[in-house]
Amino acid sequence: MDMPDFSITPITEKDRSWVARFAAEHWGADLMVAHGTSLYISQQEGFFAEVTGQVVGLVTYRISGAECEITSLDSLQEGMGIGSALIGAVKETAQRAGCKRVFLITTNDNTHALRFYQRRGFRLVALYRNAVDESRKIKPEIPFTGNDGIPIRDEIELEYDLFMEL
Ligand SMILES: CC(C)(COP(=O)(O)OP(=O)(O)OC[C@H]1O[C@@H](n2cnc3c(N)ncnc32)[C@H](O)[C@@H]1OP(=O)(O)O)[C@@H](O)C(=O)NCCC(=O)NCCS
């Protein structure tokens, strides 16, 4: 049986309560902490992916000046292009808003995300050693052990240079 295509839709005010529940389910809480700043995923701009009325992916972002930060990304049906399409929607929005770069923070254990983003033109630009210790003081839900049993300690910043596309 063929998988049905997915649609990509911008988040609006009416989506905020399910986004908060989605964030709690996938990230331990609606509160996201990285590089010493806190934010609520449900209060961000974003896009969601749907297949036959079911949410199968979510990306959130925020734009400040010439920078666009991806604040969360989740695909619930991996390997069918949902993550790439969500990232593409953010890149397009950031470009239209006049941003120079799209960046994000992930943690040292997330080797799958490091691969995923680099395959999509993102570059590693900074390593913040032990930064997760600080984030964990604000958000104790951050586990000590992550993917493949790797201790979660460091934050890694990746960026996509939007000028590359011009
Ligand atoms: C990282 C993540 C968002 C990727 O989402 P995804 O939906 O699997 O991404 P895609 O389907 O676009 O791409 C994944 C692979 O599937 C392949 N793919 C895409 N469409 C496909 C299709 N129709 N058929 C087969 N394969 C396909 C892609 O080529 C890609 O492989 P590649 O990286 O070797 O090129 C997802 O794994 C996830 O949610 N992880 C957990 C949360 C997380 O780590 N988030 C990021 C932290 S900041």
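When a residue number appears, it is its place in the shown sequence, counting from 1. Just follow the structure's listing: the first ligand is 1, and inside any ligand the first atom is 1.
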From atom 26 (N) of ligand 1, work out which of Gly83, Ala49, Gly79 has a heavy atom at the shortest distance.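 Shortest heavy-atom distance from atom 26 (N) of ligand 1: Gly79.
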Of the listed options (Phe6, Phe116, Tyr117), which comes nearest to atom 48 (S) of ligand 1 when hydrogens are ignored and any heavy atom counts?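 Nearest heavy atom to atom 48 (S) of ligand 1 lies in Tyr117.
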Answer whether the closest heavy-atom distance between the side chains of Ile8 and Leu86 falls below 4.5 Å.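 Yes, close enough: below the 4.5 Å cut-off.
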Is any side-chain heavy atom of Phe116 closer than 4.5 Å to one of Ser84?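 Answer yes - side chains close enough.
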I need the single residue from Thr71, Thr60, Asp30 that forms a side-chain contact (heavy atoms from CB on, under 4.5 Å) with Tyr40. Which is it?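 Testing each of Thr71, Thr60, Asp30 against Tyr40, the sole residue satisfying side-chain contact (heavy atoms from CB on, under 4.5 Å) is Asp30.
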How does Asn110 reach ligand 1, if at all, at less than 4.0 Å between non-hydrogen atoms: by side chain, backbone, both, or neither?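 Near ligand 1, Asn110 shows its side chain, while the N, CA, C and O stay back.
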For [atom], what is the closest protein heavy atom, and at what distance to 0.1 Å?
{"atom": "atom 29 (O) of ligand 1", "value": "Arg120 NH2, 3.8 Å"}
{"atom": "atom 20 (N) of ligand 1", "value": "Gly81 N, 3.1 Å"}
{"atom": "atom 35 (O) of ligand 1", "value": "Arg119 NH2, 2.9 Å"}
{"atom": "atom 37 (O) of ligand 1", "value": "Glu78 OE2, 2.3 Å"}
{"atom": "atom 41 (C) of ligand 1", "value": "Asp74 OD1, 4.4 Å"}
{"atom": "atom 46 (C) of ligand 1", "value": "Leu73 O, 3.7 Å"}
{"atom": "atom 12 (O) of ligand 1", "value": "Ser84 OG, 2.5 Å"}

Taking CZ in Arg153 as the centre, count heavy atoms belonging to other residues, nucleotides or ligands within less than 6.0 Å. Is the count above 12?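 Not buried by this count: 12 neighbours or fewer within 6.0 Å.
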Can you confirm whether Gln118 is buried at CD, in the sense that more than 12 heavy atoms of other residues, nucleotides or ligands lie under 6.0 Å from that atom?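 Yes, enclosed.
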Relative to the heavy atoms of His112, which atoms of ligand 1 are at a distance of less than 4.0 Å?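 It comes down to these atoms of ligand 1: 1 (C), 37 (O).
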Considering all heavy atoms of both residues, which atom of [X] and which atom of [Y] are nearest to each other, and what is their separation?
{"X": "Ile152", "Y": "Pro143", "answer": "CD1-O, 3.5 Å"}
{"X": "Glu155", "Y": "His35", "answer": "OE1-N, 2.8 Å"}
{"X": "Cys68", "Y": "Ala94", "answer": "CB-CB, 3.7 Å"}

Using distance alone, decide if ligand 1 has a nitrogen or oxygen within less than 3.5 Å of any nitrogen or oxygen in [X].
{"X": "Ile105", "answer": "no"}
{"X": "Ser75", "answer": "yes"}
{"X": "Leu104", "answer": "no"}
{"X": "Trp27", "answer": "no"}
{"X": "Arg115", "answer": "yes"}

So is Arg136 actually on top of Phe144's ring, under 6.0 Å and inside 45° of the axis?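 Yes, a cation-pi geometry holds between Arg136 and Phe144.
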Could you state whether Phe6 and Phe47 fall into the same hydrophobic cluster, counting links through intermediate Ile, Leu, Val, Met, Phe, Trp or Tyr residues with side-chain heavy atoms under 4.5 angstrom apart?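 Shared cluster, yes.
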